[in-house]
Every structure is written in C-alpha cells, then in structure tokens.
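Atoms within a ligand are numbered from 1 in the order they appear, just like the ligands themselves.
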Amino acid sequence: MFTGHGGTGAAEARALGRPVLDVSASIAPFSPPEAARLAYQRAAADLDRYPPIDGFPLRQSLADSQGLDIDNVLAGGGTTEFIYLIPRTLRPGRVLGFVPTYRDYAEAARLAGCAFVPLLTVWEQRFARDLAKLDAAARAQDLVFLCNPNNPTGDILAPDVIRGFCDRRPDVTVVVDEAYVEFAGIDRSCLDSTMPRNLLVLRSPTKFYAVPGIRLGYCLGRRDLIAALLDAKEPWTVSAPALAVGLALLNYSDYEARVRDVLGREKPALECMLAAIPGLSVCPGAANFLLCRIQADAPPAADLRAACLKQGLLIRDASNFEGLDSRYFRVAVRTGEENIRMARIIRDVLTGPRDSKIACSI
Ligand SMILES: Cc1ncc(COP(=O)(O)O)c(C=O)c1O
C-alpha cells in the first residue's frame with residue numbers, strides 16, 4: 001500500500017489520547033452539507049442490494065449538469081481509482097509531471113510499469129509551471145498529469161493554456177486532476193462540452209464537500225478514451241451510499257457560496273499570520289492550503305511537525321514531495337479561530353512562546 005499521505009489526524013489523536021487539529025489534509029473546514037448526510041442515511045435501505053455496476057444514474061446526472069453525454073463520464077471510488085486506472089489501461093510510453101506535485105502520479109506510473117519523468121519547478125518562481133518545458137520534454141504516446149490547482153504548491157494554469165497544449169500535442173494524453181478546482185473557482189476548470197480528444201479531467205467531491213470518507217470521484221473525457229477506461233475498470237466501485245451522496249451534492253449551491261466566502265476571508269488572514277512568523281515564508285496559491293518554507297538555520301519540517309503534534313496540531317511535513325526538501329510543510333486553511341490557533345502553535349514552536357497575540361490576526 002502506498003503511504004506518505006496527510007490526513008492521519010484520527011490515528012495521531014488516538015495515539016496522543018486527545019483531539020488534534022488536523023491541517024495535514026486539505027479538506028474544507030465544515031461538516032459536509034446536510035443533504036449529503038441525509039442521503040447517506042437513506043442509503044442504508046439499499047444495503048442488501050448491489051448498487052448499479054457502473055455508478056448509473058450518477059454518471060447521467062453529472063453528464064447532464066455539464067452538458068455532456070453519459071459516454072463522457074465515469075464514476076469511481078475517488079479520483080484515486082482513475083489516477084491508477086489511466087496509466088494501467090492506456091500503457092503510455094512514459095508519465096510526465098511537473099514536480100513537486102501529488103505523489104500518487106509517480107506511484108501509479110511505477111505500478112503500470114512506466115517511467116515517471118519529473119519536470120522541476122522552483123520556489124524562486126513560486127513553482128510556476130511552464131508548458132513550453134512540457135512541449136520540449138513530451139514524446140509521442142506519453143501521458144501527462146497536471147494537477148490544477150497543484151498540490152502542494154497551489155500553482156494554477158489557465159484552462160486555455162492547458163487546452164492549447166492538448167491541441168498542439170494530440171500525440172500526448174493529458175490528465176488534469178481538478179481535486180481542488182472548486183476552491184479556485186469553477187471557471188478555472190478545463191471541463192466543457194468541447195473537450196480536446198486527448199484530455200481527461202478528474203473531479204472529486206472529497207475536498208470541497210468534506211466527504212473523504214465516502215470515496216467518490218469522476219473521470220470525464222471524449223467517448224473513445226472513456227470507453228477504453230470503462231472496459232478496463234473494476235465493477236461496483238461506487239457503493240450505494242457514495243452514489244446517494246454524489247447525487248445529493250450535484251447542484252448544492254448554498255454550501256459552495258459559504259465555503260468560498262469563509263475561505264476567501266480566512267486564507268489571506270492565515271497567509272498573513274504565517275508570513276509574519278520570523279523564519280517562515282509562504283507560497284501563495286489558488287487552493288485551500290498553503291505551502292510554507294522554513295529558513296535554513298531553523299529546525300526542519302519533521303521536527304516542527306513532531307513539536308506541533310505535542311501541542312495538538314498536525315501539519316503536513318512536505319519533505320517527501322519530489323522537488324522539495326526538509327524545509328517545507330503544508331497546512332490547510334481552516335476557520336478563523338482554528339487558523340489563529342494553528343499560527344500561534346507554529347510561531348511558538350519556531351520562535352519560543354511569548355505573549356499570546358499573533359501578528360496580523362486580522
Ligand atoms: C491532487 C489530489 N488528487 C487526488 C487526490 C485523491 O482524492 P480522492 O479522495 O478523490 O481519491 C488527492 C488527495 O489528497 C489530491 O491531493
């Protein structure tokens with residue numbers, strides 16, 4: 001099993017014997033919408049039956065909501081299922097990705113027997129991804145993963161730029177992972193009814209709707225690529241509760257406005273509090289998390305993580321992302337009070353405790 005992800009707060013809290021503020025997984029800081037909870041409970045009535053083998057009618061509803069056809073949509077057990085299914089099925093020459101990025105792309109390439117080619121982005125340019133570099137590096141029959149916005153840097157590419165690459169390079173398959181796109185604004189999605197032939201888009205309710213436990217994700221693209229994936233896909237990977245929750249979440253706009261409103265205020269405030277801590281720099285990004293860099297003479301991220309955990313805060317030591325090192329960690333944006341607590345603990349660990357006021361607590 002592939003390890004090294006964030007989101008281990010429950011296990012850490014059990015070991016510690018008290019609650020932990022888990023900012024290591026970048027999940028929206030709210031309970032899932034009430035409609036999702038009710039749908040989950042109602043699905044208990046279906047426990048004695050198999051769900052539809054392919055996620056129908058969720059595939060149809062999602063297709064309708066996007067102006068697509070059911071043949072353009074797959075539903076599965078999280079985008080994770082598709083990250084692994086796509087290279088395994090398409091058997092590309094190589095898999096390319098700008099690093100640092102989500103680590104499962106390289107792992108999926110390894111399991112599919114493909115080389116992973118990392119294209120390095122750097123802190124000094126705030127990890128901006130230059131697709132000219134990709135043009136130069138990609139060969140015919142390669143597959144590219146573009147995480148948009150990118151985890152862990154928050155860098156975002158405009159949909160036009162990605163589509164331009166797809167048009168220039170029809171010999172390359174492009175997978176755009178939009179696990180965090182709702183946080184950046186849905187207009188930043190590559191998804192529409194005129195998708196290039198070589199583009200696959202991954203979407204997930206996990207982060208924005210705070211439903212990591214349900215395991216649901218989607219893969220959208222042109223008919224022939226989707227047909228090849230459907231042919232290779234395991235049956236019944238969308239459970240009855242996941243199906244019910246997915247249907248309930250489509251068109252759930254009240255919650256969306258609330259998340260965007262709160263994070264629109266809280267993210268700049270958290271960024272400001274963290275950037276005011278001596279020895280810490282923050283990479284601004286388009287998603288609901290912030291990548292931070294500790295200055296060279298301060299304790300490394302692993303030590304910071306251990307010390308924060310003793311204070312009831314779990315951060316993501318980001319040193320295991322290819323292209324980063326022991327100075328990097330990532331935190332999710334939470335509610336105002338939680339963000340102040342988070343910034344205070346990080347500050348006290350890095351600089352020693354002082355009066356409880358934190359600079360820039362706007
Ligand atoms: C960029 C990215 N893609 C995909 C996933 C997996 O999400 P899902 O719950 O949809 O499988 C994650 C989870 O952390 C992620 O960060």
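- Under 4.0 Å is where a charged nitrogen must lie from a carboxylate oxygen, and between Lys133 and Asp130 no such pair does.
- The Cys147 neighbourhood of ligand 1 comprises atoms 1 (C), with distances under 4.0 Å to a heavy atom of that residue.
- Of the protein's non-hydrogen atoms, the one nearest atom 3 (N) of ligand 1 is Asp177 OD2, 2.6 Å.
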Does the pair Phe145 and Val95 meet the rule for a side-chain contact (heavy atoms from CB on, under 4.5 Å), with working shown?
CA-CA 7 Å; Phe145 275 107; Val95 174; 3.7 Å; yes
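- Looking only at protein heavy atoms, the nearest one to atom 14 (O) of ligand 1 is Lys207 NZ, 2.5 Å.
- Remark: the backbone N or O of Asp135 is not paired with any side-chain donor or acceptor of Arg168 at under 3.5 angstrom.
- Using a 4.0 Å cutoff on heavy atoms, Ser204 counts as a contact of ligand 1.
- In this structure, Glu81 has no heavy atom closer than 4.0 Å to ligand 1.
- No N or O atom of Tyr105 sits closer than 3.5 Å to an N or O atom of ligand 1.
- Classification of Glu234 and Arg88 as a salt-bridged pair holds, one side-chain N sitting under 4.0 Å from a carboxylate O.
- Atoms of ligand 1 found under 4.0 Å from any heavy atom of Thr206 (numbered from 1 in listed order, with element): 8 (P), 9 (O), 10 (O).
- In this structure, the salt bridge (charged side-chain N to carboxylate O under 4.0 Å, His left out) partners of Asp155, at least two apart in sequence or on a different chain, are Arg129.
- Checked against salt bridge (charged side-chain N to carboxylate O under 4.0 Å, His left out), Arg215 has no partners two or more places apart in sequence or in another chain.
- Checking Asn288 against Ser26 by side-chain atom types alone, no donor-acceptor pair falls below 3.5 Å.
- By the criterion of a heavy-atom distance under 4.0 Å, both the backbone and the side chain of Thr80 are placed next to ligand 1.
- At a 4.0 Å heavy-atom cut-off, ligand 1 touches Thr79 through backbone and side chain alike.
- Of all atoms in ligand 1, numbered sequentially from 1 with element shown, those under 4.0 Å from a heavy atom of Arg215 are 8 (P), 9 (O), 11 (O).
- Asp142 approaches Ala137 most closely through the heavy-atom pair OD2-O, 4.4 Å.
- Set against the non-hydrogen atoms of Gly78, the atoms of ligand 1 under 4.0 Å away are 10 (O), 11 (O).
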